[in-house]
Amino acid sequence: MNEQALSPQDQRKLQAAQAAADYVATRIDNKSIVGVGTGSTTNFFIDALAELASKFDACVASSVASAERLEGHGIRVLDLNAVDEVTVYVDGADEVDKHNNLIKGGGGALTREKIVAASAREFVCIVDESKLVDLLGEFPLPVEVIPMARGLVARALRDMGGIPELRTDFTTDNGNIILDVRGMTVTDPKGLEAAINNLVGVVCCGVFSEQKPQRVYIAGADGVILRD
Ligand code: 5RP
């Protein structure tokens, strides 16, 4: 890929993705299953992973879009239920705080992302430095909801101080809707994740604190740093 032809932000996404691919290369053998997330940063990782295709067994993907991109590179994609363990999971994020708690789901794949992250021995997150925040919550928090519970969950989220908005013209790979919630200042990521996940009708919320990454590769003007 001609890196110079990319925007500065895409160059950083590519650099973070390449750093993760270099790390993944040290963690895999021919029995390994690599978990793959969703989004533009992860797309760079998928392209880098294609270079390693002979060194692992197969992938599991957190979205139909990522599965199709992997298969386009000739990489075998398995159903998660067909594997015992995911060796390493690599994915992007919408926000990362200094403790590696995340907000994810800008692409709407948060539930499958959390499932694959929970199945993995190790979660590696890849971001450009624009995703770093002191406190999670400026990015509207995605919440995947069973369609018939839209009103019920929206009222509960308003009671929690949020301003939910239906993501229009969007259905998740699981057939559900997304409410994007503004105004949630996330001072207690673990507590908020549990409280939202506990609302009847919620499938999953985009706070990743229980399933936070062990390693975050952050690409900025001075190169890539690892936060672990
Ligand atoms: C998709 C996600 C993505 O990881 C997140 O939105 C970041 O995407 P990008 O790499 O395109 O900025 O959570 O559901």
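Every number for a ligand or one of its atoms is a count from 1 in the order of the listing.
- Considering only residues two or more places apart in sequence or on other chains, Ala20 meets the side-chain contact (heavy atoms from CB on, under 4.5 Å) condition with Phe45, Val90, Val124, Ile126, Tyr217.
- Other residues, nucleotides and ligands contribute only 12 or fewer heavy atoms inside 6.0 Å of the CD atom of Glu138.
- Counted within 6.0 Å of CG on Asp134, heavy atoms from surrounding residues, nucleotides or ligands total 12 or fewer; the atom is thus considered open.
- The side chain to side chain donor-acceptor pair (under 3.5 Å) contacts involving residues 160-171 comprise Arg167-Asp180, where partners must be two or more places apart or lie in separate chains.
- Under the 3.5 Å distance criterion, the side-chain polar atoms of Glu95 are matched with a main-chain donor or acceptor of Gly137.
- Sorted by chain and number, the residues within 4.0 Å of ligand 1 by heavy atom are Lys13, Thr38, Gly39, Ser40, Thr41, Asp91, Gly92, Ala93, Asp94, Lys104, Gly105, Gly106, Gly107, Gly108, Ala109, Glu113, Lys131.
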For a quick test of your reading: what N or O donor-acceptor pairs under 3.5 Å do the side chains of residues 145-160 make, sequence neighbours left out?
none

